[in-house]
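Written out below as structure tokens is the structure these notes cover.
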Amino acid sequence: MIINRILQIIDYKGINRRKFYIETGLSNGFLDKVKDVGASKIEQILRIYPEISPEWLLTGKGHMLENAAFFEYEWGIKMSEIEEPASVYEVTTSKTIKKQFVPVFDVETAAGAVSLFKETNEKPIDYVSIPNLPKCDGAIYVSGDSMYPLLKSGDLIIYKKVSSNIEHIIWGELYLIAIITADLEEFLLLRRIQKSDKGDDWVELVSENSQHHSKEVLLKNIEGLALIKATIRINSTF
């Protein structure tokens, strides 16, 4: 219920109900008198406490705090300290960063596989931080068994977007690949990239799992390419 979430806000702010009523301008005893909170009261609360997530207050989904407030409250980190994803995708030396927060995206809710490689407002579902990691642009969870046993479903892969020009490809390395077919279908694949016998216009996408056959694709059909920089596996949930 919204009333319960308002009580959580009061607890988060470290104030009592009387102080809450004074700050928001709501009448004394308001929380004890009503079960449903009207839109005007919600707007009033969000205006006084802008760090509160409107979605969370209305539905209970997500975190109580917006991203900026969440990092400062939970981790003592300001959003200005978080590295922004790169907009120019070039292969560079792997200089490590002592502290960075990499956005985690939900592929299922993304607006197509290609959206992960474009300048969109795709909202991350979380962030992950690993000390001394090379500069990265995002992370997603693995789905499927094409790269098993190297990777299994549920593993988290952390990637750096790179150019899909053939001279920038590091042969044999593991990549996240967005492909658009002639029928305009979008696919997001996790494969090693090898040279193709068909020539420089083609590449071979190779699985770790012997049950999945290699596939040759035209370079022009690759809409996005990201080099896998790190992986995380949770071996137990208890």
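In this structure, S143 and S153 approach most closely via the heavy-atom pair CA-OG, 3.9 Å. The two residues S164 and L225 make their nearest non-hydrogen contact at CA-CD2, 3.8 Å. Contact record, S146 with R191: OG-NH1, 2.9 Å, taken as the closest heavy-atom pair. Annotation for N235 and R233: closest pair OD1-CD, 3.3 Å, computed over non-hydrogen atoms. Residues L156 and V104 share a closest heavy-atom pair of CD1-CG1, 4.0 Å. Minimum heavy-atom separation, I10 to R17: CD1-CG, 4.2 Å.
Note: L205 CG to I179 CD1 = 5.0 Å, rounded to the nearest 0.5 Å. We find the CD1-CE distance between I157 and M147 to be 9.5 Å, quoted to the nearest 0.5 Å. K229 NZ to D137 CG: the interatomic distance, rounded to the nearest 0.5 Å, is 10.0 Å. Here the CE atom belonging to M64 is positioned 7.0 Å from the CD1 atom belonging to I9, to the nearest 0.5 angstrom. Note: I222 CD1 to I166 CD1 = 9.5 Å, rounded to the nearest 0.5 Å. Taking OH from Y141 and CD1 from I232, the interatomic distance works out to 8.0 Å, rounded to the nearest 0.5 Å.
E216 and S196 share a side-chain donor-acceptor pair at under 3.5 Å. A side-chain donor from one of H168 and S163 sits under 3.5 Å from a side-chain acceptor of the other. A donor atom on one side chain and an acceptor atom on the other are not found under 3.5 Å apart for Q44 and Y49. In this model, no donor atom of one side chain and acceptor atom of the other lie less than 3.5 Å apart for Y148 and Q211.
In this structure, the side chains of D201 and L219 stay at 4.5 Å or more apart for every pair of heavy atoms. At a threshold of 4.5 Å between non-hydrogen side-chain atoms, the residues L133 and I158 count as touching. Using a 4.5 Å heavy-atom threshold, the side chains of V142 and K152 count as separate. At least one side-chain heavy atom of D145 sits less than 4.5 Å from a side-chain heavy atom of H212.
Taking a 6.0 Å sphere around NZ of K195, one finds it holds 12 or fewer heavy atoms contributed by other residues, nucleotides or ligands. Within 6.0 Å of CG in D200 there are 12 or fewer heavy atoms belonging to other residues, nucleotides or ligands. Within a 6.0 Å sphere centred on CG of D197, heavy atoms belonging to other residues, nucleotides or ligands number 12 at most. Atom NZ of K19 sits in a sparse spot, with 12 or fewer heavy atoms from other residues, nucleotides or ligands closer than 6.0 Å. Taking a 6.0 Å sphere around CZ of R18, one finds it holds 12 or fewer heavy atoms contributed by other residues, nucleotides or ligands.
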Review point. Hey, mind stepping through I6 and V37 against side-chain contact (heavy atoms from CB on, under 4.5 Å) and telling me if it holds?
Key: CA-CA 10 Å; I6 292 176; V37 182; 4.1 Å; yes
Practice item. Apply the test side-chain contact (heavy atoms from CB on, under 4.5 Å) to residues I169 and I193: give CA-CA distance (whole Å), side-chain angles for both, the deciding distance (0.1 Å), then the verdict. Key: CA-CA 8 Å; I169 294 175; I193 298 183; 3.8 Å; yes
Practice item. Quick one: do K160 and K135 satisfy side-chain contact (heavy atoms from CB on, under 4.5 Å)? Show the steps, please. Key: CA-CA 7 Å; K160 173 74 173 72; K135 178 71 178 69; 4.2 Å; yes
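Residue I45 is not grouped with residue I22 when hydrophobic side chains (ILVMFWY) are merged at heavy-atom distances under 4.5 angstrom, including chains of intermediate members. Neither L218 nor I180 shares a network with the other; the hydrophobic side chains, linked directly or stepwise wherever heavy atoms of I, L, V, M, F, W or Y lie under 4.5 Å apart, form separate groups for each. No continuous path of ILVMFWY side-chain contacts below 4.5 Å connects W202 to L189, so the two sit in separate hydrophobic clusters. I15 and L31 end up in the same hydrophobic cluster when Ile, Leu, Val, Met, Phe, Trp and Tyr side chains are linked at under 4.5 Å. Linking Ile, Leu, Val, Met, Phe, Trp and Tyr residues whenever their side-chain heavy atoms come within less than 4.5 Å leaves V206 and I170 in two separate clusters.
Among Q8, E23, E51, the one residue that satisfies the side chain to side chain donor-acceptor pair (under 3.5 Å) test with K13 is E51.
Counting only distance, with no hydrogens or angles, the side chain of E173 and the backbone of L227 share no donor-acceptor pair below 3.5 Å.
Using a 4.0 Å cut-off between a side-chain N of Lys or Arg and a carboxylate O of Asp or Glu, E208 and R192 qualify as a salt bridge.
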